[in-house]
Protein chains: 2
Amino acid sequence: MNIGQASTATGVSAKMIRYYESIGLIEPAGRTQSNYRVYGADDIHELRFIKRARTLGFSVEETAQLLALWRDKTRASADVKRVALAHVAELQTKIIELEGMVQTLKHLADCCGGNERPNCPILEDLAGATTHAKGHH
Amino acid sequence: MNIGQASTATGVSAKMIRYYESIGLIEPAGRTQSNYRVYGADDIHELRFIKRARTLGFSVEETAQLLALWRDKTRASADVKRVALAHVAELQTKIIELEGMVQTLKHLADCCGGNERPNCPILEDLAGATTHAKGHH
DNA sequence: GATAGGGCTTCCCATCATGGCAAGGTCAAG
DNA sequence: CTTGACCTTGCCATGATGGGAAGCCCTATC
């Protein structure tokens with residue numbers, strides 16, 4: 001299996017497969033006599049694992065940890081769970097941050113006429129926020 | 001006012017002030033005879049505006065649009081509102097994405113013993129997801 | 001067998017917003 | 001005049017990804 005086929009089989013671009021190899025996330029692939037990378041069923045499996053982890057928002061670093069645990073047949077599931085829950089906490093922190101932005105902006109937008117006149121509470125907030133921000137009008 | 005003072009006055013690092021100048025987000029600052037950048041009250045005001053916009057998650061590009069609207073005294077508030085609501089939509093899309101990840105991971109973590117044994121539904125999901133993912137147990 | 005088209009290789013560059021470091025000029029206080 | 005804190009520019013790094021160029025390889029068709 002060539003890198004292009006591995007790519008379509010896993011949804012990981014050829015570019016990224018090479019990148020993952022270069023940073024040591026995956027072992028260097030075998031090569032044909034003409035220096036083409038060759039992938040087997042195990043490699044495909046591993047790339048799918050990586051793809052899924054990335055889709056769930058794990059960083060490459062976290063993915064490496066999960067891969068190591070996956071490879072280690074004597075792992076404790078507690079270790080996996082810890083990594084997963086730490087990631088959940090990160091995600092939730094991010095969500096709360098974004099929700100704060102949304103709330104503020106929605107409030108400001110609600111207060112904005114959205115018409116032809118220049119008067120705009122959104123700009124007023126950005127320019128000083130001394131106006132009624134939200135909650136304490 | 002030197003760049004360091006402008007930085008502490010606005011919360012924008014000196015590095016970023018120079019960067020914003022280099023990409024044309026702000027006008028080149030005036031200079032002293034010894035080539036130090038000089039900032040006045042208006043510049044501080046503008047940097048605070050930028051800081052606030054960035055804090056609300058606007059990209060530098062979006063911030064540039066907002067700055068332009070702010071400077072334009074004849075703007076229509078509808079234009080500002082459009083930029084803001086477009087950004088809200090982006091944020092909400094991102095939030096939904098993250099919430100999907102959290103939901104999946106929480107479900108998997110709930111199903112994981114979190115003990116000394118290697119058996120782990122989290123890894124099983126990453127490795128193939130042919131197990132009961134979520135919803136269709 | 002020659003040629004064309006597509007796939008592979010490596011290497012470099014760009015993104016976005018930010019930080020860090022280094023070498024050198026400047027300013028203010030002692 | 002020295003010291004230390006500040007400023008200047010310039011280059012490099014991040015994280016994960018894409019783009020492109022130059023050159024080699026393989027296969028199918030003529």
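Residue numbers begin at 1 in each chain, while the letters A, B, ... track the order of the sequences.
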Short side-chain to backbone donor-acceptor contact, [X] and [Y], under 3.5 Å:
X	Y	answer
A:D125	A:I122	no
B:R37	B:A29	no
A:K81	B:C112	yes

- prompt: Does the side chain of A:N115 pick up a donor-acceptor pair with the side chain of B:S77 at under 3.5 Å?
  reply: yes
- prompt: Which is true for A:S13 with a 4.0 Å heavy-atom rule: it touches a base, it touches only sugar-phosphate, or it touches nothing?
  reply: sugar-phosphate
[N] [atom2] sits how many Å from [X] [atom1], rounded?
X	N	atom1	atom2	result
A:Y39	C:dC8	OH	P	10 Å
A:I3	D:dC25	CD1	P	17 Å
B:Y36	C:dT26	OH	P	8 Å
A:N2	C:dG7	CG	P	10 Å
A:R31	D:dC26	CZ	P	14 Å
A:N35	D:dG23	CG	P	17 Å
A:E21	C:dT9	CD	C1'	12 Å

message: Restricting to non-hydrogen atoms, name the atom on A:R71 and the atom on A:L25 that form the minimum distance, rounded to 0.1 Å.
response: NH2-O, 3.4 Å
Distance test, side-chain N/O of [X] to OP1/OP2 of [N], below 4.0 Å:
X	N	result
B:R37	D:dC7	no
B:R18	C:dG20	no
B:S34	C:dC27	yes

Please tabulate, one pair per line, each protein N/O and nucleotide N/O from nucleotides 14-16 of chain D that are separated by under 3.5 Å, including the distance.
| from | atom 1 | to | atom 2 | distance (Å) |
| --- | --- | --- | --- | --- |
| D:dA16 | OP1 | A:V60 | N | 3.0 |
| D:dA16 | O3' | A:R54 | NH2 | 2.9 |

message: Let's test your reading of the model: under 3.5 Å, does the base of D:dG10 pair with the side chain of B:K15 as donor and acceptor?
response: yes
query: Considering only heavy atoms from C-beta outward, does the side chain of B:L66 approach that of B:F58 to under 4.5 Å?
result: yes
message: For B:E99, I'd like to know if atom CD has over 12 heavy atoms of other residues, nucleotides or ligands within 6.0 Å.
response: yes
